[in-house]
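See structure below.
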Amino acid sequence: MIRNYIQKHKIFFAIISFAVIAHIGAFFTLKTLSVKFPNALHSSFPITGGGFDSLQYATLAQNIIDYGTFSLEPKIDGNPETFRTPGYPFFIATIEYFTGTIDAVPFFQIILLMLSAFLIYSIAISISPDYKNIGLIAVGLFVFDPSLFLSTQFLATECLYVTFLLASIYFLIKKTGSGRTNYTLAGIFYALSAYVRPSGLYMAIPIGLWIAWRLFNSANRKDILRFTGIFFLISFLLVYPWIARNGAKTGVYAFSSLDSYGSLNFNLPLYLSYKYEYERSIEEIRADIHRQIGGISDEEQMDLRNRPLIKDVVWNTLKPNLFSYGIFHIAKSVNFFFSPSLKHSIGSLKGFWEGQPQEPWRPEMSLANSLLDVRFGDVLLIFYQNILSIPESFFLLIMFVGGIYLYWNDIWRNHSVKLIFLMIFFLALLTSPLSNHRYRVPVLPFMYIAGLAGTSLAIKKIKNRSRAIENTN
């Protein structure tokens, strides 16, 4: 049975085989660099330097192993962590406990990437049997996307989150099997995705809108309501224990403090900088906002106990400017669709041989500065960043236009297409104004499927119209 399946889908298995080789090769390359340059930013690979995300994930995982607690403090009675959710740290802890090394995590993330590839292929075929080739191309583009090469190598939530999210969507749109089973599994995987990334909890909104659309456009409303009830009940039963845990420990019943922390330190300062026409730096604005909340530390801002105070400050600041902020928020989401992943991925590689964070937009990474300082390695790097980003941005534009074309030509036929578009545009708005190539990874497969399907449909229509004109002549 397995042999027959592999034979039937040999192109798919060839793609993921090459991808496995490429990602494993990337691991050994980056590991070699981290050993060769012990003072470089990423010398602690697979823990990335220049940020606190992966460091905190590693610390939480180690404390789970050593003390059986979910806290950043290395002790049994440490302050409970309420900013991070336990999904990804538990994943790391499990691997580290059984293998004895954190270096094994990238290998398991490569396995997750292959599972995601299988789900992408299955979702494409579930939407339409005619999408088999589209599914193959989408898989190839996804597993070789520059962002995914970094996601599999570093301690980052992308691979685990994407796998759970894709599994949830797959069972929601699956047309075969028991509806009860499919929606139960969809609810389980949705809840698991939220435990990996707290923002995943908000994906209930596009799913809910999609279900509402189906109710208004289906004669089988009774089954849809029953299965929907199963999905949300399972999700609630799995998610609520963490909300209850946070409430018991902090007095604030919420899933995470991520929303308040992100709004305070990123969304609000970015908007105010725009509002002041960039006359004040983001750092100055952020310092002013911090004074409004009593100058509490970064760690205290992540504590769920301070979430009500922070949300009040953010809301009172934005309340007189809701329309202006709305325009700003929507406009900044453009980066979600067109930000080139190759440019930023290549830039991050410098952290393997240099000790400073290297981001493409920083002055020290400019071409002129590199020439003046005779840093020819930087010159070559920046050249590739910018030259190679042009075709990538053009391709992303084609995918965007193709996706829109598919939507308008398929609007009353395939309900799966509606869910895909709701997921894409909702995540773009959810992650704005910080939208970039990394934040679109969870819906990148959907962008590829929709873009390729729409482009293929447009080409077919053009060919048919040309033939019709030729036959008329």
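Values below: all heavy atoms of this structure, side chains included; hydrogens, waters and symmetry mates excluded.
- Formation of a donor-acceptor pair under 3.5 Å by the Thr152 side chain with backbone atoms of Phe149 is found in this model.
- Residues Ser324 and Tyr271 meet the side-chain proximity criterion, which asks for heavy atoms closer than 4.5 Å.
- Between Tyr439 and Leu427 the shortest heavy-atom distance is O-CD2, 3.5 Å.
- Shown here are the side-chain hydrogen bond (donor to acceptor under 3.5 Å, both in side chains) partners of Thr82, two or more places apart in sequence or in another chain: there are none.
- In Phe232, the CZ atom is crowded: over 12 heavy atoms of neighbouring residues, nucleotides or ligands sit closer than 6.0 Å.
- Judged by distance alone, with hydrogens and angles left aside, the side-chain atoms of Tyr88 form a donor-acceptor pair with the main-chain N or O of Ala156 at under 3.5 Å.
- For Phe352 and Phe45, the ring centers are positioned less than 6.0 Å apart.
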Please lay out, stage by stage, how Leu270 and Lys332 fare under the test side-chain contact (heavy atoms from CB on, under 4.5 Å).
CA-CA 10 Å; Leu270 285 168; Lys332 293 293 285 185; 5.6 Å; no

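- Residues Leu172 and Trp210 form a side-chain contact, since some pair of their non-hydrogen atoms from C-beta on lies under 4.5 Å apart.
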Go through the steps to decide whether Ile188 and Phe231 satisfy the test side-chain contact (heavy atoms from CB on, under 4.5 Å), and finish with yes or no.
CA-CA 8 Å; Ile188 292 171; Phe231 172 81; over 6 Å; no

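- Classified by interplanar angle (parallel below 30°, tilted 30° to 60°, perpendicular above 60°), the ring pair Trp242/Phe70 is perpendicular.
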Output, in order, the C-alpha distance, side-chain angles, deciding distance and verdict of side-chain contact (heavy atoms from CB on, under 4.5 Å) for Phe83 and Glu81.
CA-CA 6 Å; Phe83 180 71; Glu81 173 64 17; 3.1 Å; yes

Could you walk me through whether Asn63 and Glu73 satisfy the side-chain hydrogen bond (donor to acceptor under 3.5 Å, both in side chains) test, starting with their C-alpha distance in whole Å, then the side-chain angles of each, then the deciding distance to 0.1 Å, before giving a yes or no?
CA-CA 8 Å; Asn63 289 343; Glu73 298 178 359; over 6 Å; no

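- Under the 30°/60° scheme for interplanar angles, the aromatic rings of Phe425 and Phe421 are found to lie parallel.
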Kindly determine whether Tyr261 and Asp298 satisfy side-chain hydrogen bond (donor to acceptor under 3.5 Å, both in side chains), including the steps that lead there.
CA-CA 9 Å; Tyr261 180 85; Asp298 205 55; 2.8 Å; yes

Output, in order, the C-alpha distance, side-chain angles, deciding distance and verdict of side-chain contact (heavy atoms from CB on, under 4.5 Å) for Ile64 and Thr94.
CA-CA 9 Å; Ile64 289 173; Thr94 303; over 6 Å; no

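- Taking the salt bridge (Lys or Arg N to Asp or Glu O under 4.0 Å) definition, one finds that Lys249 meets it with nothing, sequence neighbours left out.
- Ring orientation note: the planes of Phe189 and Phe171 are close to parallel, at an angle under 30° on the 30°/60° scale.
- Panel note: side chain Arg221, backbone Leu215; a donor-acceptor pair is recorded below 3.5 Å.
- Residues Asn321 and Lys275 come closest through the heavy atom pair OD1-NZ, 3.1 Å.
- When each of Leu419, Ile127, Leu166, Ile120 is paired with Phe446, the side-chain contact (heavy atoms from CB on, under 4.5 Å) condition holds for Leu166 and for no other.
- Annotation for Ile234 and Gly187: closest pair CG2-C, 3.9 Å, computed over non-hydrogen atoms.
- A donor-acceptor pair under 3.5 Å is absent between the side-chain atoms of Ser34 and the main chain of His42, judged by distance alone.
- Of all heavy-atom pairs spanning Asn316 and Pro320, the tightest one is O-CD, 3.5 Å.
- Between Phe154 and Tyr57, a ring centre-to-centre spacing not shorter than 6.0 Å is recorded.
- In this structure, Arg440 is not positioned above the aromatic face of Phe337 in the sense of NZ or CZ being under 6.0 Å from the six-membered ring centre and within 45° of the axis.
- Distance alone, capped at 3.5 Å, is enough to place a donor-acceptor pair between the Glu300 side chain and the Ser297 backbone.
- Contact detail for Ala138 and Leu452: the closest heavy-atom pair is N-CD1, 3.8 Å.
- The main-chain N or O of His329 is found under 3.5 Å from a side-chain atom of Ser432 such that the two form a donor-acceptor pair.
- Partners of Arg226 under the salt bridge (Lys or Arg N to Asp or Glu O under 4.0 Å) rule, at least two apart in sequence or in another chain, are Asp223.
- The backbone N or O of Ile296 lies less than 3.5 Å from a partner atom in the side chain of Gln301, making a donor-acceptor pair.
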Cut-off 3.5 Å, no hydrogens considered: what does the side-chain donor-acceptor table look like for residues 197-206, sequence neighbours left out?
unit_1	atom_1	unit_2	atom_2	d
Arg197	NE	Thr157	OG1	2.9
Arg197	NH2	Thr157	OG1	3.4
Arg197	NH2	Glu158	OE2	3.3
Tyr202	OH	Asp259	OD2	3.4

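- Surrounding CZ of Phe144 are more than 12 heavy atoms belonging to other residues, nucleotides or ligands, all under 6.0 Å away.
- When all heavy atoms of Ser333 and Ala428 are compared, the closest pair comes out as CB-O, 3.6 Å.
- Checked against side-chain contact (heavy atoms from CB on, under 4.5 Å), Pro308 has the following partners two or more places apart in sequence or in another chain: Val252.
- Under the side-chain hydrogen bond (donor to acceptor under 3.5 Å, both in side chains) criterion, Ser256 pairs with no residue at all, not counting sequence neighbours.
- The structure places CD1 of Ile282 at 11.0 Å from CG of Leu268, a figure rounded to the nearest 0.5 Å.
- For the atom pair CG of Leu165 and OG of Ser116, the computed distance is 9.5 Å after rounding to the nearest 0.5 Å.
- Gln109 CD to Leu160 CG: the interatomic distance, rounded to the nearest 0.5 Å, is 8.0 Å.
- Taking 4.5 Å as the limit, some side-chain heavy atom of Ser416 sits within range of a side-chain heavy atom of Lys175.
- Taking the side chain as every heavy atom from C-beta outward, Met302 and Arg307 never approach each other to under 4.5 Å.
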For a side-chain hydrogen bond (donor to acceptor under 3.5 Å, both in side chains) check, start with the C-alpha distance between His290 and Asn265, then their side-chain angles and the critical distance, and finish with the verdict.
CA-CA 9 Å; His290 286 178; Asn265 288 285; 2.8 Å; yes

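- Remark: the backbone N or O of Gln62 is not paired with any side-chain donor or acceptor of Glu96 at under 3.5 angstrom.
- Taken to the nearest 0.5 Å, the CZ atom of Phe328 stands 9.0 Å off from the CG atom of Leu272.
- Taking CZ from Arg214 and CG from Leu225, the interatomic distance works out to 11.0 Å, rounded to the nearest 0.5 Å.
- Side chain of Gln153 to backbone of Leu150: no donor-acceptor contact under 3.5 angstrom is found.
- The cationic atom of Lys418 (NZ for Lys, CZ for Arg) lies less than 6.0 Å from the six-membered ring centre of Trp213 and within 45° of the ring axis.
- By the 6.0 Å contact criterion, CZ on Phe118 is open, its count of non-hydrogen atoms from other residues, nucleotides or ligands being 12 or less.
- To the nearest 0.5 Å, the span separating OG1 on Thr317 from CD1 on Ile289 amounts to 6.5 Å.
- Of the possible donor and acceptor atoms, none in the side chain of Ser339 sits under 3.5 Å from a partner among the backbone N and O of Phe336.
- Between Phe142 and Tyr448, the gap from one ring centroid to the other reaches at least 6.0 Å.
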